[in-house]
Amino acid sequence: MSHGIWISDISCPSPTSSESSFDEDEVNYRVKPYWSQYRSILKHRGFHLETVRDVQDYYTFIGMPKRAERLKELEEDILYPDAGLPDNLFRGIRIVDGTKVMVKAVHRESRELDIIRFLSSPAMRRQPMNHCIPVLDLIDVPEDDIAFIVMEQWSSHLVINDAPCCLQLFLSAVRQCIEHCFFMHKHQIAHLDISVRNLLTDHQGHYAYIDFELSRRFDESDARVSGRRGTELPPECGHDAFYDPYKVDVWALAILILRACKLTGFCIPELLELVKPMLYDDPAQRPSMELIMHAFNHMTSSISPQRLLMIPHFC
């Protein structure tokens with residue numbers, strides 16, 4: 001069943017990185033909401049947050065009745081946060097069809113909300129290179145300076161051991177990672193935390209970027225940022241240094257690709273050659289995402305159909 005996606009127009013877009021008329025730290029910190037306070041607002045918009053009963057049913061369904069039994073002492077209808085998630089995330093479902101969702105709380109003037117709103121707009125969602133996690137709704141609570149991003153809940157398990165895989169499927173996944181980084185850079189957005197942990201899959205051949213907390217959207221072409229945050233950091237990211245954010249993404253994407261090669265066993269020499277210049281210590285020598293995209297397309301066109309069907313040989 002197909003359901004329309006409606007993204008509400010939150011009227012306080014965050015400023016781009018060239019604007020500094022307010023305290024950016026104040027609106028870009030990680031929000032820790034009291035979830036029960038917003039339960040009815042989310043329900044009114046068609047989303048149900050996980051309760052004790054939901055978790056009991058899940059444990060029973062996957063054959064772990066002892067875990068379900070441990071929750072018997074709790075009131076069934078109270079919210080039950082996942083202890084493995086940060087305080088700004090909560091699992092739930094879309095009431096109309098049971099689609100699993102992840103709800104993220106952010107400040108309503110945060111950079112993350114501004115970027116997600118842009119990437120999830122109808123015009124951007126129609127772009128084939130946009131591989132941002134599908135967003136089902138943006139919910140604004142202006143009186144509390146908070147907003148909720150409701151996303152489809154995809155899997156962080158990028159490789160399933162008993163699932164069939166071949167080089168063609170692996171390269172399709174890598175292509176989506178490259179495409180989305182190229183797409184962001186074309187629209188003057190740097191992710192700044194590209195890593196395996198910020199990539200999800202629906203296990204139907206689709207991959208998506210998540211976590212835009214550190215991301216920046218720029219007005220000017222000569223963008224510079226400072227600070228030492230993120231997962232895969234290149235050499236130039238010192239504590240007081242200013243650096244090119246796009247070249248940080250190029251480095252991090254290269255590390256992601258190498259980790260994916262190791263994880264899947266597809267360490268093909270053509271892909272390793274593609275990655276080499278992305279890891280130059282001098283950021284000025286790293287290729288742009290446009291050049292990387294062209295190089296990847298050239299590489300894949302040179303691989304024979306027989307090789308595309310090959311199974312992995314672990315590195």
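Side-chain atoms of S121 come within 3.5 Å of backbone atoms of F118 as a donor-acceptor pair (strictly under, hydrogens ignored). Within the 3.5 Å criterion, the main-chain N or O of Y207 finds a donor-acceptor partner in the side chain of Q176. Distance alone, capped at 3.5 Å, is enough to place a donor-acceptor pair between the S215 side chain and the H191 backbone. A donor-acceptor pair under 3.5 Å is formed between the side chain of Q127 and the backbone N or O of A123. Judged by distance alone, the side chain of D82 and the main-chain N or O of G84 form a donor-acceptor pair under 3.5 Å. For K247 (side chain) and R286 (main-chain N/O), a donor-acceptor pair under 3.5 Å exists by modelled atom type. Between the side chain of N88 and the backbone N or O of K32 there is no donor-acceptor pair closer than 3.5 Å. No donor-acceptor pair closer than 3.5 Å links the side chain of S172 to the backbone N or O of Q168. Of the possible polar contacts, one joining the N198 side chain to the D193 backbone as a donor-acceptor pair under 3.5 Å is found. Checking side-chain atoms of R175 against main-chain N and O of F296 turns up no donor-acceptor pair under 3.5 Å.
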Show the numbers, then the answer: is there a salt bridge (Lys or Arg N to Asp or Glu O under 4.0 Å) between R39 and D77? CA-CA 12 Å; R39 186 177 182 180; D77 197 42; 3.2 Å; yes

Evaluate the criterion ring-ring contact (aromatic ring centres under 6.0 Å, His included) for residue pair W251 and Y243; output intermediate values, then yes/no. CA-CA 13 Å; W251 171 284; Y243 46 83; over 10 Å; no

Going through the distances and angles, do V141 and E143 end up as a side-chain contact (heavy atoms from CB on, under 4.5 Å)? CA-CA 6 Å; V141 187; E143 60 270 23; 3.5 Å; yes

Given the rule in the side-chain contact (heavy atoms from CB on, under 4.5 Å) test, do I95 and K43 qualify, once you have shown the distances and angles that lead to the verdict? CA-CA 8 Å; I95 296 169; K43 185 176 181 181; 4.1 Å; yes

Working for salt bridge (Lys or Arg N to Asp or Glu O under 4.0 Å), residues R259 and E232: CA-CA 11 Å; R259 293 192 190 284; E232 311 289 3; 2.8 Å; yes

With side-chain contact (heavy atoms from CB on, under 4.5 Å) as the criterion, how do I139 and L42 come out once you've worked through the C-alpha distance, each side chain's angles and the decisive distance to 0.1 Å? CA-CA 8 Å; I139 301 172; L42 287 158; 3.5 Å; yes

Stepwise side-chain contact (heavy atoms from CB on, under 4.5 Å) test for L258 and L279: CA-CA 11 Å; L258 290 177; L279 291 172; 3.7 Å; yes

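Checking N28 against H107 by side-chain atom types alone, no donor-acceptor pair falls below 3.5 Å. Under 3.5 Å, the side chains of H206 and T201 contain no donor-acceptor pair of N or O atoms. D144 and Q37 form a side-chain donor-acceptor contact under 3.5 Å, judged by distance and modelled atom types alone. When only modelled atom types and interatomic distance are considered, R91 and Q153 share a side-chain donor-acceptor pair under 3.5 Å. Between the side chains of D54 and H48, at least one donor N or O sits under 3.5 Å from an acceptor N or O. Side chain to side chain, R197 and T231 meet the donor-acceptor criterion of an N or O pair below 3.5 Å.
If you chain together hydrophobic residues whose side chains sit under 4.5 Å apart, M293 and M299 fall into the same group. L291 and V174 end up in different hydrophobic clusters when Ile, Leu, Val, Met, Phe, Trp and Tyr side chains are linked at under 4.5 Å. When hydrophobic clusters are built by joining Ile, Leu, Val, Met, Phe, Trp and Tyr residues whose side-chain heavy atoms come closer than 4.5 Å, directly or via intermediates, I93 is not grouped with L200. No continuous path of ILVMFWY side-chain contacts below 4.5 Å connects L271 to Y280, so the two sit in separate hydrophobic clusters. V275 and V250 fall within a single hydrophobic cluster, where Ile, Leu, Val, Met, Phe, Trp and Tyr side chains are chained together by heavy-atom contacts under 4.5 Å.
Remark: E69 engages no residue in a salt bridge (Lys or Arg N to Asp or Glu O under 4.0 Å) (not counting sequence neighbours). A search for salt bridge (Lys or Arg N to Asp or Glu O under 4.0 Å) contacts involving E273 returns K276, not counting sequence neighbours.
Looking at R229, K104, R111 one by one, the single match for salt bridge (Lys or Arg N to Asp or Glu O under 4.0 Å) with E213 turns out to be K104. The side-chain contact (heavy atoms from CB on, under 4.5 Å) with V135 is formed by just one residue from the set L119, I116, V150; it is I116. Considering F47, W35, F90 in turn, W35 is the only one that fulfils the ring pair (Phe, Tyr, Trp, His ring centres under 6.0 Å) rule with F148.
More than 12 heavy atoms of other residues, nucleotides or ligands lie within 6.0 Å of CZ in R307, so this atom counts as buried by the packing criterion. Heavy atoms of other residues, nucleotides or ligands lying less than 6.0 angstrom from NE2 of H203 number more than 12. Within 6.0 Å of atom NE2 in H187, more than 12 heavy atoms from other residues, nucleotides or ligands are found, so the atom counts as buried in its surroundings.
Ring centroids of H131 and Y209 are separated by 6.0 Å or more, keeping the two rings apart.
Looking only at side-chain heavy atoms (C-beta outward), R224 and D244 come within less than 4.5 Å of each other. Between L171 and L308, the closest side-chain pair of non-hydrogen atoms falls below 4.5 Å. Contact check for L136 versus E152: side-chain heavy atoms found under the 4.5 Å cut-off. At a threshold of 4.5 Å between non-hydrogen side-chain atoms, the residues V248 and C237 count as touching. Taking the side chain as every heavy atom from C-beta outward, T60 and P65 never approach each other to under 4.5 Å. A 4.5 Å side-chain heavy-atom check between V103 and I149 finds every atom pair outside the cut-off.
Nearest heavy-atom pair, L169 versus C165, reported as atom, atom and distance to 0.1 Å: CD1-CA, 4.2 Å.
Once rounded to the nearest 0.5 Å, the distance linking CD1 of I268 with SG of C261 reads 7.0 Å.
The hydrophobic cluster containing V55, built from Ile/Leu/Val/Met/Phe/Trp/Tyr side-chain heavy atoms closer than 4.5 Å, also comprises V52, Y58, Y59, F61, I62, M64, L71, L74, I78, Y80.
Between F218 and Y246, the ring-plane angle classifies as perpendicular under the 30° and 60° cut-offs.
Cation-pi geometry between K186 and F182 is met: under 6.0 angstrom from the ring centre, within 45 degrees of the axis.
A salt bridge does not link R30 with D87: none of the charged nitrogens is closer than 4.0 Å to a carboxylate oxygen.
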